[in-house]
Amino acid sequence: SIISLLDAFRAVRDQQICLLDQLGDVDWTAPRKTLWGHRPLAMIVTKTFQHSYEHGDTILRMGLWWEDIAKQISNAKE
């Protein structure tokens, strides 16, 4: 269901935020090895936020049109 999907999404975000709280003394500008080459932690964290917002956009789009799509599916079955 959409509720369980949102709950799972929220749980992962909560884990990410807890991890960030543990990085108080970290050098945010030092390059680190990533799949995108060597990037600073600031870029990696920003990319994580961007990726989360991208999924959030998809979830919001689904939520906005959910009832209309459900009606179309119901009408098509009749």
Charged N to carboxylate O below 4.0 Å: is that the case for Asp57 and Arg61? yes
Rounded to the nearest 0.5 Å, how far does [atom2] of [Y] lie from [atom1] of [X]?
X: Met43; Y: Thr48; atom1: CE; atom2: OG1; result: 9.5 Å
X: Leu64; Y: Met62; atom1: CG; atom2: CE; result: 11.0 Å
X: Arg32; Y: Arg39; atom1: CZ; atom2: CZ; result: 14.0 Å
X: Leu19; Y: Asp14; atom1: CG; atom2: CG; result: 11.0 Å

So for atom [atom1], which belongs to [X], do other residues, nucleotides or ligands contribute more than 12 heavy atoms lying within a distance under 6.0 Å?
X: His51; atom1: NE2; answer: no
X: Glu67; atom1: CD; answer: no
X: Trp65; atom1: CH2; answer: no

Using a 3.5 Å distance criterion without hydrogens, assess whether the side chain of Thr46 forms a donor-acceptor pair with backbone atoms of Ala42.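 Here the side-chain-to-backbone pair exists.
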Is there a side-chain contact between Asn75 and Glu78, using heavy atoms and a 4.5 Å cut-off?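 A side-chain contact under 4.5 Å exists here.
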Would you say that Leu41 contacts Asp27 through its side chain, given a criterion of any heavy-atom pair below 4.5 Å between the two side chains? no
Note: Gly56 and Phe9 closest approach over all heavy atoms is N-CZ, 4.1 Å
Cluster overlap [X] with [Y], hydrophobic side-chain contacts below 4.5 Å:
X: Phe49; Y: Trp28; answer: yes
X: Ile73; Y: Trp66; answer: no
X: Val12; Y: Tyr53; answer: no

